[in-house]
Student: 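Here it is, the structure, as structure tokens.
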Amino acid sequence: MKFTTRGRYSVQIMVDLSQHMSEGPVSLKSIAERHDLSERYLEQLITELRKADLVRSVRGAQGGYILQREPDQIAVGEILRSVAASIAPVDCEHQTETLSCSCDPDEQCLTRDLWIRVRDSVNELVDSIYLSDLI
């Protein structure tokens, strides 16, 4: 299973904000410079993190971004899901509420239970790791 750069960079933004939270609001420019990432790309991600109520923007000359909650209250899974539609292990054509599947909808998918277990295990893992664990 491979996470997208959107997910990886979003976690990186949140870890950076956690590490520098005592300094006040953190600019995207400083995050981009520290991690050698595109500031434009981070702008797109921070917008989604704001919509998910994970970060808050602070305006002004000393403005930037801060965490909306303490690092021990923000799970990695919450961050990943804020920028990705799903953390499912397979991409499929036929969407269902429990799992996407590309099998013929009129036939039973023999591997469906496997992918459900993998998805649930990954979700359980990322939901058990908090920003405070990473810093």
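Scope of the values below: all heavy atoms of this structure, side chains included, with no hydrogens, waters or symmetry mates. Here, residue 1 is the first one in the sequence, and each next residue gets the next number. All values derive from a computational prediction rather than experimental measurement.
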Student: Restricting to pairs with a member in residues 121-135, which pass side-chain hydrogen bond (donor to acceptor under 3.5 Å, both in side chains), not counting sequence neighbours?
Tutor: Arg81-Asn123, Arg81-Asp127
Student: Between CG of Leu42 and CD of Glu39, what distance do you get to the nearest 0.5 Å?
Tutor: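 Between Leu42 CG and Glu39 CD, I get 7.5 Å after rounding to 0.5 Å.
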Student: Are Ile74 and Val58 connected in the hydrophobic side-chain network, where two residues link if heavy atoms are under 4.5 Å apart?
Tutor: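 No; tracing contacts between hydrophobic side chains, which count when under 4.5 Å, never links both residues.
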Student: Say you draw a straight line from CD of Gln73 to CD of Gln68; how long is it, rounded to the nearest 0.5 Å?
Tutor: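 It is 11.0 Å, given to the nearest 0.5 Å.
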Student: In terms of hydrophobic clustering (I, L, V, M, F, W, Y; side-chain heavy atoms under 4.5 Å; direct or indirect links), are Leu134 and Leu54 co-clustered?
Tutor: yes
Student: Search all heavy atoms of Ser38 against all heavy atoms of Ala32 and return the closest pair with its distance.
Tutor: C-CB, 4.4 Å
Student: Which atom names give the shortest non-hydrogen contact between Gly64 and Pro25, and what distance separates them?
Tutor: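 Closest approach of Gly64 to Pro25, heavy atoms only: N-CB, 3.6 Å.
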Student: Carefully, step by step, assess Val15 and Leu131 under the rule side-chain contact (heavy atoms from CB on, under 4.5 Å).
Tutor: CA-CA 6 Å; Val15 167; Leu131 287 175; 3.9 Å; yes
Student: Under 4.5 Å between side-chain heavy atoms, hopping through other hydrophobics if needed: is there a path connecting Ile135 to Ile31?
Tutor: yes
Student: Taking it one step at a time, do Met21 and Glu70 satisfy side-chain contact (heavy atoms from CB on, under 4.5 Å)?
Tutor: CA-CA 9 Å; Met21 65 189 297; Glu70 293 296 316; 3.8 Å; yes
Student: Calculate, to the nearest 0.5 Å, the distance between atoms CD and CG belonging to Glu78 and Asp53 respectively.
Tutor: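 Answer rounded to 0.5 Å: 8.5 Å.
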Student: Just checking Arg117: does its CZ atom have more than 12 heavy atoms from other residues, nucleotides or ligands closer to it than 6.0 angstrom?
Tutor: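 12 or below, so no.
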Student: Give the minimum heavy-atom separation between Ile79 and Ser82, together with the two atoms involved.
Tutor: O-OG, 2.6 Å
Student: For Arg34, does the CZ atom have more than 12 heavy-atom neighbours from other residues, nucleotides or ligands under 6.0 Å away?
Tutor: yes
Student: Start with the C-alpha distance between Val55 and Ile13, add both sets of side-chain angles, then the distance that settles side-chain contact (heavy atoms from CB on, under 4.5 Å), and finish with yes or no.
Tutor: CA-CA 10 Å; Val55 299; Ile13 290 170; 5.6 Å; no
Student: Passes side-chain contact (heavy atoms from CB on, under 4.5 Å), Arg8 versus Gln12? Steps please.
Tutor: CA-CA 6 Å; Arg8 290 192 344 254; Gln12 209 163 359; 5.7 Å; no
Student: Looking at Glu43 and Ile46, what are the two nearest heavy atoms and their distance?
Tutor: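 Taking Glu43 first and Ile46 second, the nearest heavy atoms are O-CG2, 3.3 Å.
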Student: Considering only residues two or more places apart or on different chains, which pairs with a residue in residues 56-80 satisfy ring-ring contact (aromatic ring centres under 6.0 Å, His included)?
Tutor: none
